[in-house]
Amino acid sequence: MDKLKQYLREHSSALDNDEPGENAWNNILRQTTPAPAPVRKLYTRWYAIAAAAVLVCLAGWQWIMLNDTAVTAAQPLAWDNKLLAPPQATVVKTVQHVEAVKQEKAVTTVPPDMTAVLGSFSRNYSRLVRLQEKAIRHTPVMAEAPDYFEDFRLMLRQMDNEEILIRKEMKKNGKEEVLLEQLITLYQQKLEVLKALQTEIGKLNGRTKEERQRTGTTGSYYLNI
Amino acid sequence: MYDLLEPAKTIQTAVVLKAVHGDTDAKAWLYRQYSKAMFNICIRMTGSRSCAEDVLQDAFIQAFRQLTQLKDPDSFGGWLRRIVVNECIRHSKRSFYWNEWEPDQMEEIADEAGEWWTSLSMEMIHEQIKKLPEGCRQVFVLYVLEDFTHKDIAADLGISESTSKSQYQRARQLLKDRIGKQVATHG
């Protein structure tokens, strides 16, 4: 072993003067932490509330229908004479009927319309995806041939095809919650891919910038995704 | 001498096993233990801070994803180091095209009698290593600090063994010339 090599190996720990930036660990953590499970428990709770509300309404309606029929059958003559006030029992039943209707309306309006909520989510995600695509289309790429990003392009194209299939399904069967959830999941995955693509472009541009400062070369292109 | 790459074995074994099961704190501990040493390998190999951070991140991500393949938790340091060096070599192949040197262009330099490096600070030597040109810098780092043979370097970088040797000699000469100039200018 030559003496320079021997000397440097003996003192190698003293060569370690640099430290990585704080973002390095955050990036590693983000890429090695599994994605959180999709929020489904909320929908289950709302489904349970909606089901309970429907049962209460049905039971209430049944009870009202039974009592209305009994009252009408028992007091035909009094209702025919408009000068006479209706019997007290009927007034009580009518008030109870009105109360039951009010309750039914109140109960049925408590759970939100999940289809509308999910539809709103999917529209917002769609907007985010379009914004991210636009940002990438306007980012100059300073190095590597466009083929370098072919994998990303293929992935995005596949996701576009999946979106078309889901939307066709929606046209056929209406905006079912299951389909809207699939669409939202697809948009979330697409956003992850677009973010990864933007990170990759950023890394390449950073590397090329230093190289160009030495060689003085120029030129860039834009990705058409 | 206390080897910074091999801390207390029992703690490391426990931490690596926890990291295998996805424990974020365990991964953070491993990162804190090894990131500085690995980062300096990356920065010496790539010559650029931003590239070194990219390669460091890629190496750690790969290591954490393949942690289940590590048979001996105590050898995590050496295993990680191989991943880091391989990532650095992969990066250099992507960004640099080798021009084959004539094998006899650089004659082997005999060990200097004066051993000019002993009077210098390691910080200065480290700075000059980072500034070596592409090609000879990678060979110098792999041969001197990672203890690769010229045969291994040739195989990994896709060059001939004689090119590896001549690049190493070139790096040595450049280091001597540049450090000598710096000392003459700044004292």
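The chains referred to below are lettered A, B, ... by the order of the sequence lines, with proteins before strands, and numbering in each begins at 1. Remember, it's a predicted structure, so these values are computed and weren't measured experimentally.
Contacts of B:Arg44 with chain A are made by side-chain atoms alone, with heavy-atom separations under 4.5 Å and no backbone atom involved. Proximity to chain A is limited to the side chain of B:Glu53, based on heavy atoms less than 4.5 angstrom apart. Looking at A:Leu29, only its side chain comes within 4.5 Å of chain B, counting heavy atoms on both sides. Residue B:Gln62 does not touch chain A at all, counting heavy-atom pairs closer than 4.5 Å. Looking at B:Ala52, neither its backbone nor its side chain comes within 4.5 Å of chain A, counting heavy atoms on both sides. Proximity to chain A (any heavy atom under 4.5 Å) is restricted, for B:Tyr168, to the side chain, taken from C-beta onward. Only the side chain of B:Ile43 comes within less than 4.5 Å of a heavy atom in chain A; its backbone stays farther off. The parts of B:Asp147 that come within reach of chain A are both its backbone and its side chain, each placing non-hydrogen atoms under 4.5 angstrom from that chain.
Side-chain N/O atoms of B:Gln173 and B:Asp177 include a donor and acceptor closer than 3.5 Å. Between the side chains of B:Thr46 and B:Ser48, not a single donor N or O lies within less than 3.5 Å of an accepting N or O.
With chain A as the partner, the residue from B:Arg32, B:Gln57, B:Lys27 showing the most heavy-atom pairs under 4.5 Å is B:Gln57.
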What pairs of donor and acceptor atoms, side-chain ones from residues 14-23 of chain B against any protein atom, are under 3.5 angstrom apart with sequence neighbours left out?
from    : atom 1 : to      : atom 2 : distance (Å)
B:His21 : ND1    : B:Leu17 : O      : 2.9
B:Asp23 : OD1    : B:Asp25 : N      : 2.8
B:Asp23 : OD1    : B:Ala26 : N      : 3.1

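Residues passing the ring-ring contact (aromatic ring centres under 6.0 Å, His included) test with B:Phe64, sequence neighbours excluded: B:Phe60.
Residues A:Glu163 and A:Tyr187 are in side-chain contact: their nearest non-hydrogen atoms beyond the backbone lie under 4.5 Å apart.
Taking both residues in full, the closest heavy atoms of A:Thr32 and B:Ile61 are given as CG2-CA, 4.0 Å, listed atom of the first, atom of the second, then distance.
Between B:Asp58 and B:Arg90 no salt bridge is recorded (no basic side-chain N to carboxylate O distance below 4.0 Å).
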